Amino acid sequence: MDALRELTARHGGRRGLLPAALERARSSTAEGPGAWAPQVAEAAGLPAAAGLGPATFFADLAAPRGERHVRVCTATACFAARGGEHLAEVERALGVVAGTADETGSTSLQTVHCLGYCYAGPAALDGTLPRTGPDLADQLRGRAEPCAPDIPATDTTGAPVLLAGIVAGHSAWDVWREAVAGLRPEDVRAEIVVSGLRGRGGAGFPVADKWAAAAGRPDTVVVANGDEGDPGSYADRLLMEEDPDRVLTGLALACFACGARRGIVLVRSEYPKAMVRLRQEVERATETGDLAPSAEEAGSLPFVEIVEGAGSYVAGEETALIARLEGARGCARPRPPYPTDHGLWDSPTVVNNVETLAAVPWIVAHGGAPYARFGVPDETGTKLVCLSERFVRPGAYEVELGTPVDEIVTRFGGGLKGGGELVALQIGGPLGGFLAGTALDVPLTTAALAERGAALGHAGMVAFDAAVDPYELLRHIWEFAAGESCGACSPCRIGTRRGLALAQRQAGPGESYEQLARLMGEASLCAFGRRVPAAVRSLARAYGPLLEGWDR
C-alpha cells in the first residue's frame with residue numbers, strides 16, 4: 001500500500017497540474033482540443049490520452065473559444081423565464097450559433113446549464129460579466145443597459161444560521177480562533193453529532209458520520225464542494241460571494257475536526273465572482289494567521305487552496321469531483337471504496353458542500369443542541385431555499401426544515417408574477433422532482449418529498465405556469481440528462497439518449513419505456529442516472545393526462 005501511495009503521489013504531482021495547463025492552452029487558441037491537448041499532456045510527462053480525456057469531456061475546454069466568449073444559460077429556470085426562446089434571440093443578436101465561433105474567431109457562444117442567476121433569468125456571462133433579464137439579447141448586443149442584480153436574501157427564522165454573516169453581519173473567523181485555542185477535534189465532532197447536521201448537497205448523509213470515518217487518519221483532505229449545478233439553486237453562490245469567510249471558517253473547522261492539514265474549495269467556472277471573493281479571503285486569512293501559507297507549514301492551521309471547475313454538472317458528484325481534481329474526466333466512480341477510505345490521490349477525503357460547511361461555525365459557536373431545535377426531529381436545522389424568476393419575490397430564503405412548501409411559495413415567494421397559475425413546481429433541480437401546483441401541502445423535508453416522488457436536493461424551486469408546454473418541458477429534462485451524462489455507465493449513457501428520442505416524438509413513450517426506466521433506476525452507476533426516471537415520473541404526475549405514459 002505504501003508503494004501504491006508513493007506511485008500515486010508521484011504521478012498525481014504531474015497530472016494534478018493538467019487542469020490549469022489545459023485551461024491556459026484553451027484560452028490561447030480557437031482550435032479544438034485535438035490540436036493542443038496532447039502537447040499539454042506530453043509537456044507534463046503524460047500520455048496524450050491524459051490530456052485529450054478531460055479536454056474533450058469538460059464543456060469549458062471542449063467549446064470553441066473566441067476573443068469574446070459568451071456563455072448563455074439554457075437551464076430550467078431560464079427556460080421557464082422565456083420558454084426557451086432567449087437562446088435563438090441571443091444567436092441572432094451575436095450572429096453566431098451556439099457551440100461555435102464566428103468565421104473571424106472574434107465571438108463564440110456556449111450554452112451552459114445554470115449560471116446561478118435563476119432569480120433574474122434568462123442569464124448569460126459575457127466573459128466574466130453577468131447579464132440578465134428578458135432583454136438579454138439586446139444587452140449583449142449593446143442596445144440595452146447591462147443588468148445583473150444581486151441575490152435577494154431573507155431570513156425567516158429570526159436567528160439566522162446560514163445568513164448570519166449576510167443578514168446579521170456576524171464574522172465567523174472569531175469562532176475559528178476560539179475553537180483552535182480552546183477545543184479539541186473531538187469536541188467539535190461531538191457538537192456536530194448533537195446537531196444532527198446532514199449534508200445539504202442532496203444526499204443528506206450525516207456529517208458527523210463522514211467526519212468520523214476519516215478523522216485522525218494520515219493525509220486526510222477536506223474538500224468544499226462549490227460545484228453547485230442544480231438549475232434553480234444559487235445558495236452556494238450567495239454564500240461564496242457574500243460570506244466567503246463563513247465558508248472558509250466552516251472548511252477550517254472541518255479540517256480541524258478531521259485532523260486534516262489541507263482543504264480545497266472547488267468552485268464552478270460559471271461563478272467567476274465567487275472565485276475572486278474566495279481567493280481574496282484566503283489571502284486575507286493567511287495574512288492574519290488564520291490559515292497556513294503553504295502545505296508544508298500546515299498543522300493545526302490548514303492550508304487551503306481554491307480550484308476552478310471546468311463546466312460539468314455530474315462533476316459535482318463527490319467521486320466525479322475527486323476525479324476532476326486529479327486532472328481526469330469528471331466521471332463517477334463505483335463505491336466502495338468510499339472517498340473517506342480512498343479519495344483524492346488515494347488519501348482519505350471528506351467532501352462537504354458549501355452550504356453544509358457554512359452551518360458549522362454557528363453550531364460550534366452556539367452548540368449542537370440549539371441547532372437541533374431548528375427543523376424537525378429527524379431532519380434538523382435550516383435550509384436555504386431558492387425561488388426562481390417566475391415568483392413575485394424571487395430570492396434565497398433561510399427556512400427551517402419542515403416548513404410547508406405552500407407557505408414558502410405563497411407567503412415568502414408571493415405566488416407567481418401577474419397572478420398566474422402555478423401549474424408545476426420543480427424542487428431540487430433536474431434530479432429532484434416536480435409537484436403539481438395544487439399539491440404543495442408537504443413539509444420541506446427529504447422524507448416528506450420522497451413520499452410525493454420528489455427530492456430535496458439543493459432546494460431550488462422553479463415555477464411553471466400554464467404558458468409552458470408540458471412536452472417542451474419533458475424534452476428539456478431529457479435534453480439536460482443526455483447532455484450532462486458523464487457516459488461512465490451504459491444504463492445512463494444510452495438510457496438518457498433513448499429517453500430523449502422518445503420525448504421528441506411528442507407522443508406516448510411506448511411499451512419499452514417502462515423497461516428503460518427500470519434499468520436506469522436500478523443499474524446506473526450514480527444518482528444522476530438513477531434519479532432521471534423518477535424526476536420524469538414526478539413531472540408526468542404533476543401534469544396528469546397531458547403526459548400520459550411517462551408516469552411509469
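Keep in mind that this is a model prediction, so the values were computed, not measured.
Checked by atom type, the side-chain pair Glu241/Tyr271 shows no donor-acceptor distance below 3.5 Å. Between the side chains of Trp345 and Asp219, no donor N or O sits under 3.5 Å from an acceptor N or O. In summary, the side chains of His113 and Glu484 do present a donor paired with an acceptor at a separation below 3.5 Å, with no hydrogens or angles considered. No donor-acceptor contact under 3.5 angstrom links the side chains of Asp174 and Ser171, judged on distance only. Side-chain contact annotation: Trp173 with Glu281, donor-acceptor N/O pair under 3.5 Å present.
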(message) Assess the residue pair Arg493 and Ser490 against the criterion (side chain to side chain donor-acceptor pair (under 3.5 Å)); give the C-alpha distance rounded to whole Å, side-chain angles, the decisive distance to 0.1 Å, and a yes or no.
(response) CA-CA 5 Å; Arg493 181 181 67 253; Ser490 297; 3.0 Å; yes

(request) Given salt bridge (charged side-chain N to carboxylate O under 4.0 Å, His left out), test Asp245 with Arg277 step by step and report yes or no. (result) CA-CA 9 Å; Asp245 63 319; Arg277 292 300 310 278; over 6 Å; no

(request) Start with the C-alpha gap between Phe480 and Tyr313, add the side-chain angles, then the distance that decides, and say whether ring pair (Phe, Tyr, Trp, His ring centres under 6.0 Å) holds. (result) CA-CA 10 Å; Phe480 178 93; Tyr313 175 81; 5.1 Å; yes

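Leu325 contributes atom CG, which lies 8.5 Å from atom CD of Glu305 (distance to the nearest 0.5 angstrom). With values rounded to the nearest 0.5 angstrom, Leu525 atom CG is found 7.0 Å from Cys486 atom SG. The CD atom of Glu451 sits 11.5 Å away from the OG1 atom of Thr446 when rounded to the nearest 0.5 Å. Atom NZ of Lys383 is separated from atom CD of Glu398 by 10.0 Å, given to the nearest 0.5 angstrom. Note: Met240 CE to Ile306 CD1 = 9.5 Å, rounded to the nearest 0.5 Å.
Judged purely by atom type and a 3.5 angstrom limit, Glu317 uses its side chain to pair as donor or acceptor with the backbone of Ala320. Looking at Ser538, its side chain does come within 3.5 Å of a backbone N or O of Ala535 through a donor-acceptor pair. In this structure a side-chain-to-backbone donor-acceptor pair under 3.5 Å is present from Arg189 to Ala257. In this structure, Ser195 contributes its side chain and Leu197 its backbone to a donor-acceptor pair below 3.5 Å. Checked by atom type and distance alone, the side chain of Arg530 never pairs as donor or acceptor with a backbone atom of Ala523 at under 3.5 Å. Between the Arg537 side chain and the Gly453 main chain, no donor and acceptor come within less than 3.5 Å of each other. Of the possible polar contacts, one joining the Asn225 side chain to the Gly316 backbone as a donor-acceptor pair under 3.5 Å is found. Remark: the backbone N or O of Ala214 is paired with a side-chain donor or acceptor of Thr220 at under 3.5 angstrom. When atom types are taken as modelled, the side chain of Glu379 and the backbone of Ala447 share a donor-acceptor pair closer than 3.5 angstrom. Between the side chain of Thr496 and the backbone N or O of Cys492 there is at least one donor-acceptor pair closer than 3.5 Å.
When all heavy atoms of Phe391 and Leu387 are compared, the pair lying nearest together is CD1-CB, 3.6 Å. Here the closest non-hydrogen pair linking Asp230 and Cys114 is O-SG, 4.1 Å. Scanning both residues, Ile322 and Val351, for their nearest heavy atoms gives CD1-CG2, 4.3 Å. Looking at every heavy atom in both residues, Leu456 comes nearest to Ile427 through O-CG2, 4.2 Å. When all heavy atoms of Ser294 and Glu297 are compared, the closest pair comes out as OG-OE2, 2.9 Å. Between Phe256 and Leu183, the closest heavy-atom pair is CZ-O, 3.3 Å.
Salt bridge status for Arg268 with Glu308: absent, with no side-chain N to carboxylate O gap under 4.0 Å. Here Glu318 pairs with Arg335 in a salt bridge; the nearest charged N to carboxylate O distance falls below 4.0 Å. No salt bridge links Glu270 with Arg237; every basic N to acidic carboxylate O contact stays at or beyond 4.0 Å. A salt bridge is absent between Arg284 and Glu287: the closest approach of a Lys/Arg side-chain nitrogen to an acidic carboxylate oxygen does not fall below 4.0 angstrom. Salt bridge absent: Arg198 and Asp209 never bring a charged side-chain N and a carboxylate O closer than 4.0 Å. Salt-bridge check for Arg177 with Asp290: passed, with a basic side-chain N closer than 4.0 Å to an acidic carboxylate O. Classification of Arg217 and Asp341 as a salt-bridged pair holds, one side-chain N sitting under 4.0 Å from a carboxylate O.
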Using a 3.5 Å cut-off and no angle test, enumerate the donor-acceptor pairs between side-chain atoms of residues 360-376 and protein atoms at least two apart in sequence or in another chain.
from: His366; atom 1: ND1; to: Trp362; atom 2: O; distance (Å): 3.1
from: Tyr371; atom 1: OH; to: Arg200; atom 2: NH2; distance (Å): 3.0

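The aromatic ring centroids of Tyr117 and Tyr234 lie 6.0 Å or more from each other.
For the pair Arg393 and Phe412, the cation does not sit on the ring face, since its NZ or CZ is not both under 6.0 Å from the ring centre and inside 45° of the axis.
Heavy atoms from other residues, nucleotides or ligands lying under 6.0 Å from CG of Asp378 number 12 at most.
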